[in-house]
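Report on the structure given below.
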Amino acid sequence: MTSLDDLAGVGVDRRGGFARHGFTGVDLELRAWFTGEAERRGLGVETDRNGNAWAWWGEPGEGAVVTGSHLDSVPGGGAFDGPLGVVAALNAVDLLRTKQFTPAKPLAVVVFVEEEGGRFGSACLGSRLMTGAIAPEKALALKDLDGTTLAEAARACGVDPGRVGRDEEALRRIGTFVELHVEQGRGLVDLGAAVGVASSILAHGRWRFRFRGEGNHAGATPMADRRDPMLAAAATVLAARTAATGGARATVGRLLPVPGGTNVIAAAVDLWLDARAHDTARTRAVVHAVTEAASRAARDEGCTVEVTEESYGDTVHFDPALRDDLAATLGGVPALPTGAGHDAGVLAAHTRTAMLFVRNPTGVSHAPEEFAEAADCAAGTEALADVLAHLAR
Ligand code: GLV
Ligand code: MN
Ligand code: MN
């Protein structure tokens, strides 16, 4: 059996939790761990054109039953978001073998690269590149905070940027994809269930607001003479809270003053808005309201603002027949929606896709406190093994 504890020392964020980002030394460490675990089980490991890692039980082939998740984290992330799905997948293979099960279809465990977008700002990079949901030239030009492009980072990790993009062969191979994930809310707690299946994912996206003003001296510049982009950014943060009504969510979790000095009026501020709602119209309405407020605040302060959509994904409704089939296979576990994005959400537009959730006692996620009880993780692994056996028979 494989344990999440194996990864406890990898990519530790000195501020708390983990900082595991795609195409870094930490990513290579995580890949080496995955390869070791897969090879120990006699699974054949390959990396696809977009840097996603695949471990095959049997010959790779079309119509496979595929499970897995991601190993990267948000900055300061928890131990479960992503790795639980990978560990559960490997352990489910063990469980199936213990039960003498031999899949009639090819079966694979996949690790998608840079799901969180923690380094390059764009979520689900591995799955969106593989499915063509993001253009390779757009993705390859993305830069991290140090100015390194995705193309440079990928090349340094052995992925040829010239081959990145929609991968027909990989897509043909996926007959059904099932991702197990820690729940990122308290739905299963409220339902009194250790495991559930996903029904839907909120529409969601990321927008960058770039405010420009005038850099100047914090002591020598009278208040009336300032063009401070931080004021416009602050008004935008408040507007996000006001705009997110009726179940919508709007978050500013990242804000970057340039150059960033205590005694310096910023010359510019970059701010990122994460907005989510039940459908595209409501998500766009939130972004529109925040953009209007940002433009007003920028004008009032003598600044400018430029808004760029960095990523967007419409509402996902998981295949109802598959969802109900898996829920029934698991003895009638509940189905529940989520506000979190997943590679499974990207794949749902291309192939039969489902998700299993494991109870999270506090609902906290994207934070070091993220947690699931060992017994619930074990129940999730058993559920995943049952589902894989059902699908691959
Ligand atoms: C990823 O977990 C997201 O929902 O942004
Ligand atoms: Mn996440
Ligand atoms: Mn995740």
Side-chain angles (χ1 to χ4, degrees), residues 4 7 11 13 17-22 27 30 34 52 67-89 109-128 133-134 177-185 187 198 200-208 240 244 247-254 272-278 283 309-316 318 336-348 353-358 360 362-372 377 380 384:
L4 277 179
L7 300 175
D13 189 327
F18 298 99
R20 299 167 173 162
H21 305 308
D27 184 8
L30 293 164
F34 176 69
N52 306 306
T67 184
S69 190
H70 60 97
L71 292 173
D72 67 307
S73 75
V74 294
F80 294 80
D81 177 354
L84 180 63
V86 177
V87 165
V109 179
V110 63
V111 177
F112 286 110
V113 70
E114 185 71 351
E115 189 270 353
E116 300 286 6
R119 179 171 180 192
F120 294 100
S122 199
C124 296
L125 263 185
S127 56
R128 289 201 301 138
I134 185 168
F177 178 60
V178 183
E179 179 172 1
L180 176 142
H181 206 280
V182 66
E183 199 205 340
Q184 296 165 291
S200 61
I201 297 180
L202 290 181
H204 60 285
R206 301 179 184 190
W207 288 262
R208 188 188 66 212
R249 284 115 205 224
T251 308
V252 177
R254 187 152 73 107
W272 285 264
L273 172 72
D274 178 308
R276 311 185 186 213
H278 285 97
T283 310
E309 180 176 303
E310 292 198 331
S311 62
Y312 183 71
D314 203 350
T315 318
V316 174
F318 286 105
L336 65 170
T338 179
H342 299 284
D343 294 308
V346 175
L347 287 185
T353 302
M355 288 191 79
L356 301 184
F357 290 136
V358 171
N360 174 339
T362 63
V364 171
S365 187
H366 284 187
E369 291 74 21
E370 182 180 84
F371 183 65
C377 295
L384 181 62

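First listed ligand is number 1; within each ligand, the first listed atom is number 1. Worth knowing before you read on, the calculation uses all heavy atoms, side chains too, and leaves out hydrogens, waters and symmetry mates.
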Run through the protein N/O/S atoms less than 2.8 Å from the Mn ion (ligand 2) and write them out by chain and number.
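Hits for the Mn ion (ligand 2) below 2.8 Å: D81 OD2, E116 OE1, E116 OE2, H366 NE2.
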
Name each N or O atom in ligand 1 that is under 3.5 Å from a protein N or O, and give the partner atom and the distance.
residue	atom	partner	partner atom	Å
ligand 1	2 (O)	E116	OE1	3.2
ligand 1	2 (O)	H366	NE2	3.1
ligand 1	4 (O)	R276	NH1	2.8
ligand 1	4 (O)	R276	NH2	3.3
ligand 1	4 (O)	G341	N	2.7
ligand 1	5 (O)	R276	NH2	2.8

Suppose we screen for salt bridge (charged side-chain N to carboxylate O under 4.0 Å, His left out). Which residues come up paired with E309, at least two apart in sequence or across chains?
R284

[X]-[Y] side chain donor-acceptor pair, cut-off 3.5 Å:
X	Y	result
Q184	D81	yes
T251	R276	no
D274	H204	no
E179	S69	yes

Test item: E369 and T362 side chains (from C-beta on) under 4.5 Å apart, heavy atoms
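They are not in side-chain contact.
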
Check each of V74, L71, L30 against R20 using the side chain to side chain contact (heavy atoms under 4.5 Å, CB included) test, and report the only one that passes.
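Of all the options given, the one that passes is L30.
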
Among the N/O/S atoms of H181, select the one at the shortest distance from the Mn ion (ligand 3) and name it.
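Restricting H181 to its N, O and S atoms, the minimum distance to the Mn ion (ligand 3) goes to NE2.
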
Return the set of residues passing ring pair (Phe, Tyr, Trp, His ring centres under 6.0 Å) with F371 (not counting sequence neighbours), or none when no residue passes.
F80

For the student: nearest non-hydrogen atoms of F318 and S200, plus distance:
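Scanning both residues completely, I find the closest heavy atoms to be CD1-N, 4.0 Å.
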
Using 30° and 60° as the class limits, which term best fits the ring planes of F357 and H181: parallel, tilted or perpendicular?
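It falls in the perpendicular class, over 60°.
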
